[in-house]
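Input: a single structure, listed below in structure tokens.
Just the heavy atoms: all of them, side chains too, but no hydrogens, waters or symmetry mates, feed the values below. Quick note on labels: first sequence line is chain A, next is B, and so on, each numbered from 1.
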There are 2 protein chains.
Amino acid sequence: MPATDEITSDSKDNFASKVMIQLKQDILIGFFKPGEKLLMSRLKERYQVGISPLREALSQLLVEQLVVVENQRGFKVHPISLQEMHDIYQSRALIEQLCISLAIERGDDEWEAGILASAHKMQKFSDCIESHPHEWEKRHQDFHTAIASGCQSPTLLQVRRSLYEKASRYRNLWLNKNMPDPKVFATNQRQHQDLITALLQRDIPLAKQLIAEHLLSPSLLLGKNDSLQ
Amino acid sequence: MPATDEITSDSKDNFASKVMIQLKQDILIGFFKPGEKLLMSRLKERYQVGISPLREALSQLLVEQLVVVENQRGFKVHPISLQEMHDIYQSRALIEQLCISLAIERGDDEWEAGILASAHKMQKFSDCIESHPHEWEKRHQDFHTAIASGCQSPTLLQVRRSLYEKASRYRNLWLNKNMPDPKVFATNQRQHQDLITALLQRDIPLAKQLIAEHLLSPSLLLGKNDSLQ
DNA sequence: AAAGGGCATAATGTCGACATTATTTGTTTT
DNA sequence: AAAACAAATAATGTCGACATTATGCCCTTT
């Protein structure tokens, strides 16, 4: 019975799966720029695999709308637009409101405990944001995932994950210069604390309002926030 | 300048795209049963293509969770379960409520006109349900899509489409014997009319209640409908 | 000199073949 | 006779190569 390597859990998967994860990351962090043509020769060299796994990985990212395909002209990185960013952020806020509402209705003691545990791990890491931004990003994500997971709906959680990934692309490309700002960081910490309070009090309207403000604040570079009760 | 074949619009796409559509249909209608192993040799023979386009198509359906892949053991049709059916139907109802709420807030005259037009085309086809069930299904779908499209959110509409497809699988597999029932059909027609009235009156709470009842009625074979305000 | 057409280059899309891995069948041993 | 091991069969995953199609360059023509 093999004991180790349960962390990565992909040492036995096929090439397409591994390449898909790497390629997705490269697109999300902006190594491949929006609209950029994805040459097969370049991808082959970068990921050290043949054409077949590459095309399978690209086919998967096609469904996730991270790449686009033109008739007989190969693959390109999905272009970005202010319009799409607003739509994604708005939709993400609505889905997150949905998950949180359901979580408040369905969440049990374990759900509450998970929120407090992940919040603690996030807050203990507050001082290391600038030194390890990637790890802090993970703990922040884990905190919000702990909240949303209380909805107990795999379908909604998968939609939520997909929207998170697309939004993170815009965050990395356009608005990742506001994280080291201590002003907005203090605001974020306060938002987290208020959210936890609202959750434990099972105050659905307040929690919905708080999560919407929290998620949409980075995208308020340009206005246009309407209709989220 | 080529004039024709804009109807299918896929006569020039690559094989993987065409095979994906056909294979998706075959899974949704139940030609390939849930959990069934998808032999490459059989797929090659059925769709008359090589392995490469097949694997690309399967990779796409993997993301849409219509097939699953086991380590080095090939592809299988995604299994079904009562639990997943409830989750999909519940999530679909919530997403549809979201789209309709936004549509009522954002919809203009053209939105209203589109609803009435598609409703008319659906009702004129009421007598032909048993003779052309497929065409009636399309008009029914067009009617609801006309309503939801008023939300003007490509992201939400895509989520909605994905959930519709998954739900249609369960409808085809488990509960497609209640359509010719005249009793439930009359109820459906009444539900449509009430929904249109609520939409034109911009009554969001009523519209949300009506659409939830309409979408969840087929899945009420077993209870468990909670929390849709 | 600019525009259009034709040729050369390059990239994509697809297939067949090979190596690896799982499954089944048959044999042997207890 | 049942279980376990081994060989044979079959299916998957990957790569290289070929045909098709797009792109860029150069030459010709007005």
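With rounding to whole Å, A/M40 atom CE is found 9 Å from C/dG13 atom C1'. Across the protein-nucleic acid pair, A/Q72 atom CD and D/dT20 atom P stand 12 Å apart, rounded to whole Å. As rounded to whole Å, 13 Å separates atom C1' of C/dA11 from atom CZ of A/F75. In this entry the distance linking CG of B/N71 with P of D/dG13 reads 9 Å, nearest Å. Separating the OH atom of B/Y47 from the P atom of C/dT14 is a distance of 16 Å, rounded to the nearest angstrom. B/N14 places its CG atom 13 Å from the P atom of D/dA22, with the value rounded to the nearest Å. Rounded to whole Å, atom P of C/dT14 lies 12 Å from atom CD1 of A/I51. For the pair A/F15 CZ and C/dA19 P, the computed distance is 16 Å after rounding to whole Å.
Among the protein residues, A/L58 comes within range of no part of the nucleic acid, since none of its heavy atoms lies under 4.0 Å from any strand. No contact: A/K44 has no heavy atom under 4.0 Å from any strand. Within 4.0 Å of A/L54, counting heavy atoms only, lies no atom of the nucleic acid at all.
You'll find that the side chain of A/P53 is closest to D/dC15, out of C/dC15, D/dC15, D/dT12.
Between D/dG13 and B/R55, a contact under 4.0 Å exists linking OP1 or OP2 to a side-chain N or O. Taking only side-chain nitrogens and oxygens, A/R73 comes nearer than 4.0 Å to OP1 or OP2 of D/dT23. For A/K37 and C/dT12, the shortest distance from a side-chain N or O to OP1 or OP2 is below 4.0 Å.
One finds no salt bridge joining A/R169 and A/E165 here, because no Lys/Arg side-chain nitrogen approaches an Asp/Glu carboxylate oxygen to under 4.0 Å.
For A/H140 and A/W136, the gap between ring centers is short of 6.0 Å.
Side chain to side chain, B/T155 and A/D87 meet the donor-acceptor criterion of an N or O pair below 3.5 Å.
At least one donor-acceptor pair closer than 3.5 Å links the side chain of B/N172 to the backbone N or O of B/L28.
Both tests hold for A/R46 against A/F31: distance to the six-membered ring centre under 6.0 Å, angle to the ring axis within 45°.
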